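Read the structure below first, then the notes.
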Amino acid sequence: MNQPNRIDSWLLQDDEKPLTITEDAKIPNAATILLRKQDHTLGNMIRAQLLLDPTVLFAGYKVPHPLENDIIIKIQTDERSNPADALKRACHLLIRQTVHVKQQFMDQAKNIEMGMGPDQSLANVGVGGYDPYGDGLGREGNTVVGGQVRDTLNGGDVYDF
């Protein structure tokens, strides 16, 4: 078969560096970062987190070729920071967010295994009960909590607005 081995697409060779940072000589406080053996998933997450940093002026990424699992990230910062520090901060924040989401998932899985149902802190939204989307509009029967009574008997739906 004329297909590369899938494991070779994601594992680094012994002499291969996972990250290379190159300063841009033409633009002040700018750098190009090459991440080897990564794809759009990590590239988009890092770009989005970088754009939340007030010291970052520009952040973008691209995949140079669809058959290669490398991403190139371009970062430009103002004089308060440099691209390497901005990348480090973004990665640390992403790791913290990921750990937090994992902990929430594990807590909810444990509650379900014990037959306790959803977390009670989420369940007591107003008077309405469980709020699966966290939007404050917990659904209880034919009433949207905090809203008007819906007519579900005559073909209306709770979600008709």
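Because the structure is a prediction, the values reported are computed rather than measured.
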Output the distance between atom [atom1] ([X]) and atom [atom2] ([Y]), rounded to the nearest 0.5 Å.
X: Leu57; Y: Ser81; atom1: CG; atom2: OG; value: 10.0 Å
X: Asn82; Y: Thr55; atom1: CG; atom2: OG1; value: 9.0 Å
X: Leu50; Y: Ile33; atom1: CG; atom2: CD1; value: 7.5 Å
X: Asp85; Y: Thr77; atom1: CG; atom2: OG1; value: 8.5 Å
X: Asn44; Y: Asp39; atom1: CG; atom2: CG; value: 10.5 Å
X: Gln38; Y: Ile72; atom1: CD; atom2: CD1; value: 14.0 Å

Are [X] and [Y] linked, directly or through other ILVMFWY residues, by side chains that come within less than 4.5 angstrom of each other?
X: Leu94; Y: Ile73; result: yes
X: Val63; Y: Leu34; result: no
X: Ile21; Y: Leu42; result: yes
X: Met45; Y: Leu19; result: yes

What residues, two or more places apart in sequence or in another chain, satisfy salt bridge (Lys or Arg N to Asp or Glu O under 4.0 Å) together with Asp24?
none
How about Leu87 and Pro83: do any of their side-chain heavy atoms sit closer than 4.5 Å?
no
Side-chain donor-acceptor contact under 3.5 Å, Gln103 with Asp107:
yes
Chi angles and distances behind the side chain to side chain contact (heavy atoms under 4.5 Å, CB included) call for Leu51, Arg47:
CA-CA 6 Å; Leu51 290 174; Arg47 179 200 57 84; 3.2 Å; yes
Is there a donor-acceptor contact under 3.5 Å from the side chain of Asn29 to the main chain of Asp78?
yes
Are there more than 12 heavy atoms of other residues, nucleotides or ligands under 6.0 Å from atom CD of Glu23?
no
Does Lys74 NZ have over 12 foreign heavy atoms under 6.0 Å away?
no
Provide the closest heavy-atom pair for Glu16 versus Lys37 in the form atom of the first, atom of the second, distance.
OE1-CE, 3.6 Å
